Amino acid sequence: EMKEKNIKMTTGTYNLMFRVVGLVGGHVDGARLLFVEMKEKNIKMNIGTYNHMIDVVGEVGRDVDGARRLFAEMKEKNIKMSAGTYNLMIRVVGLVGGDVDGARRLFAEMKEKNIQMNAGTYSVMIHTVGVVDSDADGARRLFAEMKEKNIKMTVGTYNAMIRVVGEIGGDIDGARRLFAKMKEKNIQMNAGTYNGMIHTVGAVDGDVDGARRLFAEMKEKNIKMTAGTYNAMIRVVGEIGRDVEGARRLLAEMNQKFF
């Protein structure tokens, strides 16, 4: 309709459309067409344009090389990059592409350029180093570095650390301490927090009753459960606890909630 009425579109218009078409709608090719259209119309692109496109192409489209080309194009055009740009690239390169060394290089580049790192930067690096590379000690060093820099930790930071310490490192007590620290600091826990703890306590440590208590605590706190929550519990109750009827009840509850 804007085109029909000859209303001039701005950078902001296109950036918004990237979000709607690419991130909300999941139409990567549609976002690419809009990006080409911006170039054809000589509409100035900014950091928001590239951040959205890196997110759409790399995260939604799983096209790591495409995201790298967009990142290189930003450098060629001297578009100032933010922590958000690097966080997206570390996520795409490290988590989607599995290129841990590439993620480390981006992290080092941020330090060289004195780009202010935030909780998102460290959370994605902890996940990449700890989960993708199975380097629990490396993740712990990153976590310690956050403390030294007084970077406020988020639920995402703790969720990543609980998974790394408990699932990858096999340090159940360490995971419990992180979980307790979240409660002390009144950090709002979510399904990811409990899913990681249920897996650590139930599957890694074999403590079925402990996993059941965590599951009950989620219900008490009205924390929205995901399919991952039920999958973790079914595995713990059915496979570890050998409670077939209990697993069936969980499956029935899951079907009632999601289907």
Side-chain angles (χ1 to χ4, degrees), residues 83 87 90-91 94-95 100 103-104 107 111 116-241 243 246 250:
N87 292 358
I90 290 169
R91 184 175 182 83
L95 298 185
V100 179
R104 288 185 193 273
F107 187 69
K111 290 184 175 181
Q116 189 70 42
M117 296 173 178
N118 55 30
T121 315
Y122 279 92
S123 296
V124 72
M125 276 302 296
I126 286 167
H127 197 96
T128 299
V129 170
V131 178
V132 179
D133 202 34
S134 298
D135 181 3
D137 288 337
R140 287 182 195 272
R141 285 193 293 273
L142 287 162
F143 190 67
E145 193 174 297
M146 283 186 81
K147 288 183 178 180
E148 289 168 12
K149 291 184 175 180
N150 291 316
I151 295 172
K152 189 175 181 181
M153 296 171 187
T154 64
V155 60
T157 314
Y158 277 96
N159 288 0
M161 279 303 295
I162 285 169
R163 185 171 179 194
V164 171
V165 171
E167 293 182 34
I168 308 299
D171 180 2
I172 313 302
D173 288 339
R176 288 184 192 275
R177 284 193 295 272
L178 287 162
F179 188 69
K181 184 64 71 175
M182 288 183 79
K183 290 183 176 181
E184 285 173 22
K185 291 187 173 182
N186 291 316
I187 295 171
Q188 189 70 42
M189 298 174 178
N190 58 23
T193 316
Y194 279 90
N195 292 358
M197 281 302 297
I198 286 167
H199 185 82
T200 296
V201 170
V204 180
D205 197 36
D207 181 0
V208 179
D209 289 337
R212 287 185 197 271
R213 285 193 294 272
L214 288 161
F215 188 68
E217 193 175 295
M218 285 185 81
K219 290 184 175 180
E220 288 167 13
K221 292 184 175 179
N222 291 316
I223 294 172
K224 189 175 181 181
M225 296 174 183
T226 64
T229 313
Y230 281 94
N231 289 344
M233 280 302 297
I234 288 168
R235 183 185 174 196
V236 171
V237 170
E239 191 175 330
I240 310 295
D243 179 1
L250 285 162

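Numbers here are sequence positions counted from 1. All values derive from a computational prediction rather than experimental measurement.
- Here the CG-CD distance, from Asn195 to Glu167, works out to 9.5 Å after rounding to the nearest 0.5 Å.
- Atom CG of Asp209 sits about 11.0 Å away from atom CG of Leu214, to the nearest 0.5 Å.
- Two residues are said to be in side-chain contact when any heavy atoms from C-beta on lie closer than 4.5 Å; Lys219 and Met225 meet this criterion.
- Taken from CD1 in Ile198 to OG1 in Thr193, the straight-line distance is 10.5 Å, to the nearest 0.5 Å.
- Side chains of Asp173 and Arg177 form a contact here, defined as non-hydrogen atoms less than 4.5 Å apart.
- The shortest heavy-atom contact between Ala160 and Ile126 is CB-CG2, 3.8 Å.
- Within the 4.5 Å cutoff, no side-chain heavy atoms of Val236 are placed close to those of Val201.
- Once rounded to the nearest 0.5 Å, the distance linking CE of Met197 with CG of Asn159 reads 11.0 Å.
- Between Phe107 and Val129, the closest side-chain pair of non-hydrogen atoms is not below 4.5 Å.
- In this structure, Phe179 and Thr200 have side chains that are not in contact, with every pair of non-hydrogen atoms separated by 4.5 Å or more.
- Residues Thr128 and Ala103 come closest through the heavy atom pair CG2-CB, 3.9 Å.
- Gln116 approaches Ala83 most closely through the heavy-atom pair O-CB, 3.2 Å.
- In this structure, the side chains of Arg235 and His199 come closer than 4.5 Å at one or more pairs of heavy atoms.
- Looking at Met146 and Met117, their side chains never come closer than 4.5 Å, going by heavy atoms from C-beta outward.
- For the pair Met153 and Met182, the minimum side-chain heavy-atom distance is 4.5 Å or more.
- Shortest non-hydrogen contact noted between Thr157 and Ser123 is OG1-OG, 2.9 Å.
- Residue Ile223 holds its CD1 atom at 7.5 Å from CD of Glu217, rounded to the nearest 0.5 Å.
- Among all heavy-atom pairs drawn from Thr226 and Ala191, the shortest one is CG2-CB, 3.8 Å.
- Heavy-atom neighbours of Lys221 NZ from other residues, nucleotides or ligands within 6.0 Å: above the threshold of 12.
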Verdict with reasoning, Val131 to Leu95, per side chain to side chain contact (heavy atoms under 4.5 Å, CB included): CA-CA 9 Å; Val131 178; Leu95 298 185; over 6 Å; no
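- With rounding to the nearest 0.5 angstrom, the CG atom of Asp205 is 10.5 Å from the CG atom of Asp171.
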